[in-house]
Amino acid sequence: MNRLKTSFVGLDLNNPIMTASGCFGFGREYKDYFDPSELGAVVVKGLTNEPRDGNYGTRIAETPAGMLNCVGLENPGIDYFENVILEEIKDITSPIIANINGKTVEEYIEIAKRVEKIDAVKAIELNISCPNVKDGGMAFGANPEVAGKVTKMVREVTTKPIIVKLSPNVTDIVGIAKIVEANGADAVALINTLLGMAIDIKKKKPVLGNIFGGLSGPAVKPVALRMVYQVSQAVNIPVLGMGGISSVEDAIEFFMAGANAISLGTGIFTNPMLPVEIKEGLQKYCEENNLENISEIVGCIHPPKAVEEKKEKTA
Amino acid sequence: MNRLKTSFVGLDLNNPIMTASGCFGFGREYKDYFDPSELGAVVVKGLTNEPRDGNYGTRIAETPAGMLNCVGLENPGIDYFENVILEEIKDITSPIIANINGKTVEEYIEIAKRVEKIDAVKAIELNISCPNVKDGGMAFGANPEVAGKVTKMVREVTTKPIIVKLSPNVTDIVGIAKIVEANGADAVALINTLLGMAIDIKKKKPVLGNIFGGLSGPAVKPVALRMVYQVSQAVNIPVLGMGGISSVEDAIEFFMAGANAISLGTGIFTNPMLPVEIKEGLQKYCEENNLENISEIVGCIHPPKAVEEKKEKTA
Amino acid sequence: MYLEDVKILENRYVGDKYYLMKVRAPKAAKAAKAGQFFMIKCKNDVRVLRRPISLHHADADNEVLEFYYETVGKGTAEFAGLQTGDEINIQGPLGTGFDTGIEGKKVILVGGGMGMAPLKLLAEKLGEKNSVRFIAGGRDAGAVEIVKNFNIDEITVVTDDGSVGVKGNTVEVLKDMLAKDSYDLIYTCGPHGMMLAVADTAYQSGVRCQISLEERMACGVKACVGCSIKTKAGMKKVCADGPVFDAEEILDFDPADKPGCSCN
Amino acid sequence: MYLEDVKILENRYVGDKYYLMKVRAPKAAKAAKAGQFFMIKCKNDVRVLRRPISLHHADADNEVLEFYYETVGKGTAEFAGLQTGDEINIQGPLGTGFDTGIEGKKVILVGGGMGMAPLKLLAEKLGEKNSVRFIAGGRDAGAVEIVKNFNIDEITVVTDDGSVGVKGNTVEVLKDMLAKDSYDLIYTCGPHGMMLAVADTAYQSGVRCQISLEERMACGVKACVGCSIKTKAGMKKVCADGPVFDAEEILDFDPADKPGCSCN
Ligand SMILES: Cc1cc2nc3c(=O)[nH]c(=O)nc-3n(C[C@H](O)[C@H](O)[C@H](O)COP(=O)(O)OP(=O)(O)OC[C@H]3O[C@@H](n4cnc5c(N)ncnc54)[C@H](O)[C@@H]3O)c2cc1C
Ligand SMILES: Cc1cc2nc3c(=O)[nH]c(=O)nc-3n(C[C@H](O)[C@H](O)[C@H](O)COP(=O)(O)OP(=O)(O)OC[C@H]3O[C@@H](n4cnc5c(N)ncnc54)[C@H](O)[C@@H]3O)c2cc1C
Ligand SMILES: Cc1cc2nc3c(=O)[nH]c(=O)nc-3n(C[C@H](O)[C@H](O)[C@H](O)COP(=O)(O)O)c2cc1C
Ligand SMILES: Cc1cc2nc3c(=O)[nH]c(=O)nc-3n(C[C@H](O)[C@H](O)[C@H](O)COP(=O)(O)O)c2cc1C
Ligand code: FES
Ligand code: FES
């Protein structure tokens, strides 16, 4: 019996394991190692309307138990995605989720409209961690008002479920989560990368061409878990948790913290079989602990009060 | 020739290496391994007016390349510090810096007044990462206004140099740094710990008694470096950099990012000889690279424009 | 307290999840006392905290230290994988140790599972000038296999499954002993619950009891304030004021988890 | 592409900072082609990224892969410390490899230092049906010691210090060769600057040139978009579209660092 079946934003998933956007290409790249249809869902690399070349210079740096990247959202654009890539991945039976990005609210709306028309895409992951060029370069997700606004505008142009992906580089992640919930998000995904940097002391310059990059991997797990724990108690929509998951135990920590589903990112680079190992490990965990379904441990460490309140609200 | 001599907030230090508050007790604890007078300065454990018992339950958790702690500011109080501890550490020739804490602005002022009268304390590290009980429990350092206010009030009651220690759990660390500068800080120290958590999946509960704790160690280094880089370009007061330093190379990264001095914390737990190894390593680095003084590399990776601007302003 | 890179002389499986490691540590072997412990560095840099491990035995003449440890998580699993000839970095001896300055007394040592670790050297030291009885408990034969490594005569072995020695638990055996004879001091180390029961039994019988506590540790030297416990004399550090305490001194054996403040 | 835990058959120091590792990898040894590479996992979990290392040689019959590597940082230092019998996890073969489908051509291979890595198998393969000349350059004798491991006759060794072979650099030797005779194809791998000079020389002489590029990699399979370079045909991934490219295809060999956006 499959004890991992999960309903998430209206999608029936075989399991709650997704791939983190940007860490699994467009679903085809790891097919030599395992069948992507084994996943609960495939979240593809961040898309923009126009193709983007991304950043100049070095894009990857390793840090203690983590890595930095400053890809700069290189992607082939929504046209190519729709016309070429979707054809290449049409055999994948798991739902495809599109991660969408923009530099202005208008760009977000445009790409959301495009995605709305693509049947093969079952949900939208709205990435609000990108710098907002119009409003001074701070990320959409760093300003509660703007985060709410972009969620609302995208909500108006799509009927697909919207998973808003939050930036952890904020003082009050709970506030942002609540605002996107109030503006129509069907779920929140967290965390995106922590802003960091690394320095090449021999060359006397930043390692990354862009100076700053996003930190991911095991190093960020404690921060991710904390935010999942906080946010999942504060909102009544499901939470897609991620940040440093690299073992079955890590995955269980996220469920207990309150994640309804999880995404795997950097951990796949280290171990390409990670998604399958976690899937099998979770199934075994359920069997050994007499859980009918993995959802039984979701949020199980929340204080009793929070659990009660949430039950009432979502009832 | 000692190439590490550093002037910091008016103190003449033999070298720019300090101990991070809370990671070196009160200066005596590691004396079997090395003489604390070898340090540039000793920053002691966070002090409060009244003795504090700290938090209940488990206070320490290990995380990938890092650790969490929720000591809860256990400390013997300022009386005991003044009357007993200072006597015990009177042989230390390096300046003693007191890390001070409060739950209200009034508490900060009280302890600052006490410290002002203690000759043996050469500077104050004003820790504004603690929850502000009066204003809803968010840290003093999370709200620019409150951060400015507490700096200003402490400034008014002390003639000692004030190093304001910033919390990294904020959207805009640069804004906070500027505000504390404007309110009289002589330097900023960063970063304090990132808020995180860990879960014991067997016991189905948070590892830490307090649920949340502060993340430190190599894992946080990329975030710390990024913040030091940003802040040091934005303010005209010196920066005390810290967060995950565990090798000579890490230390050099911090100087290049813009730190005028550094503090060692978690790295000492892993390797009690770290301060001495870094001191010797930096001296050797200066010799091999023909640097008269380590300060020559401070901020050397800043964009030329920022360097020029800062020179003009501080001239 | 020293910081030494030491060579592993032997690192062998004992039974159940227990291993015995012997290292050559010239300085520490001369200084170490029963009940003290070492902070052992992990080789995998993903683990930044050293692991506190008790001194099992110290042979000053041959400069040998012994550690008896259980594989619990990844750190101790790493230790179990080390080979003769490998080097590890140890910091210690740390802590105060057991009170071994007594003479002509009748004492009982109660060890459970991994808690047998600090008792080998203790039994040897106390045995020189006192009458020592030893109760060794464990899940099964594998968990008490280590007693073959002890140089004492008066030993009562108890196992949960009765696979060797008496079937039962250490506390029952202790109660029996105390009922039959009178003793001056009890020393104990083992699982938390067992130690509480031993301490309680000792208290009921009016016998002084020394226990060896465990707390998560970062520094091991009183620098991080991570390992505090509440005692009659205020907050004490398990690493430096202990790990051995008089049971009666401890005020809050099982502090309830309760959110305080997230300050360091 | 496979993911295999493989046993190390040999891991020896060659010279300068270079090592040669042989592993038994049944699946990969049959599939691997010259110019492809493997992503090798580090054992120390503090390092989450695999290290890209070229295929030095593959012996399908004996199921042996060879890697020739330089100790640069901590990851490669870790590799150098591995012993015969140890296991490592390798992912590959990855990338497209060199064009080895040619026949009856006159080709030159130019390798500098660590760039010799992918050229052993290439020289062997091309040698079967083409006339191959090989220019091997390095700092000193130690840096070219590896050529003793090559099964080719026509080899010109050049060192910076003249300690063995010609004193000078590979590009000068290449220019000499091209001046004296005509060739169909040049293959090169080595330090960035050397490859540019080789590519430029080839271009001047109107000879096609294949180069093997390096970029920092996270995934090795086109999934992370970390290793992009600008080509005439748009952004390409060094890991999957390369690491071997026709030199003329590359548009921006030395992209200037310039802040873009901090997006992933
Ligand atoms: C003073 C003292 C002496 C000890 N002596 C021995 C001994 O002689 N033999 C032995 O087998 N064990 C001993 N322990 C327990 C031993 O320290 C832990 O089993 C060990 O740290 C577990 O590490 P791990 O990486 O395998 O487990 P993990 O659970 O993966 O460790 C995660 C973190 O928790 C800490 N931790 C986990 N369990 C404990 C624990 N019980 N006590 C303290 N920290 C813990 C680890 O040190 C590490 O920081 C002693 C503990 C203390 C405090
Ligand atoms: C396709 C390809 C094939 C290669 N083949 C070989 C080979 O056969 N032999 C050999 O010795 N080296 C080869 N390299 C270079 C090798 O990958 C690096 O020297 C190695 O990754 C350095 O790791 P480190 O931990 O020792 O150094 P560190 O500098 O500590 O590594 C830090 C990070 O930077 C990356 N990095 C550092 N230098 C390079 C580099 N030059 N290229 C790519 N990533 C780098 C590391 O992978 C790691 O993620 C190849 C690189 C690529 C891209
Ligand atoms: C190379 C790379 C590229 C990424 N690209 C995107 C992206 O395009 N859109 C997005 O929302 N997140 C992106 N992310 C963030 C991840 O989806 C994920 O939130 C983050 O890496 C934390 O998870 P992890 O620690 O498991 O990697 C990227 C991360 C990495 C490492
Ligand atoms: C156990 C522990 C206790 C700490 N106590 C304090 C404190 O009392 N006051 C303070 O300002 N910072 C405190 N800190 C934060 C450190 O001073 C430092 O800012 C942080 O640990 C990052 O540096 P590191 O990664 O080198 O440890 C503490 C950190 C740790 C690990
Ligand atoms: S472990 Fe740091 S004070 Fe005890
Ligand atoms: S290394 Fe990930 S795309 Fe090339």
Roughly how far, to the nearest 0.5 Å, is the CG atom of A/N169 from the CG atom of B/D172?
11.5 Å

If I measure from the heavy atoms of chain B, does A/I173 come under 4.5 Å with its side chain, its backbone, both, or neither?
neither

Mind listing the closest non-hydrogen atom pair of A/P64 and B/K221 along with its distance?
CD-CE, 4.4 Å

If I take atom NZ from residue A/K203 and atom CD1 from residue B/I301, how far apart are they, to the nearest 0.5 angstrom?
13.5 Å

Nearest heavy-atom neighbours spanning B/T171 and A/V170:
OG1-CA, 3.2 Å

Please name the pair of heavy atoms, one in A/A198 and one in B/L225, separated by the smallest distance, quoted to 0.1 Å.
CA-CD1, 4.3 Å

Shortest non-hydrogen contact from B/L195 toward A/R226
O-NE, 2.9 Å

Minimum heavy-atom distance between A/P222 and B/L215, given as atom pair plus value:
CG-CD1, 3.8 Å

Just give me the residue among A/N143, A/I201, A/V223 that pairs up with chain B most often, heavy atom to heavy atom, under 4.5 Å.
A/I201

If one checks every heavy atom of A/I252 against chain B at 4.5 Å, the contacting part turns out to be both

Give a yes or no on whether A/K178 atom NZ has more than 12 heavy-atom contacts from other residues, nucleotides or ligands under 6.0 Å away.
no

With a 4.5 Å limit on heavy-atom distance, are the side chains of B/I211 and A/Y229 in contact?
yes

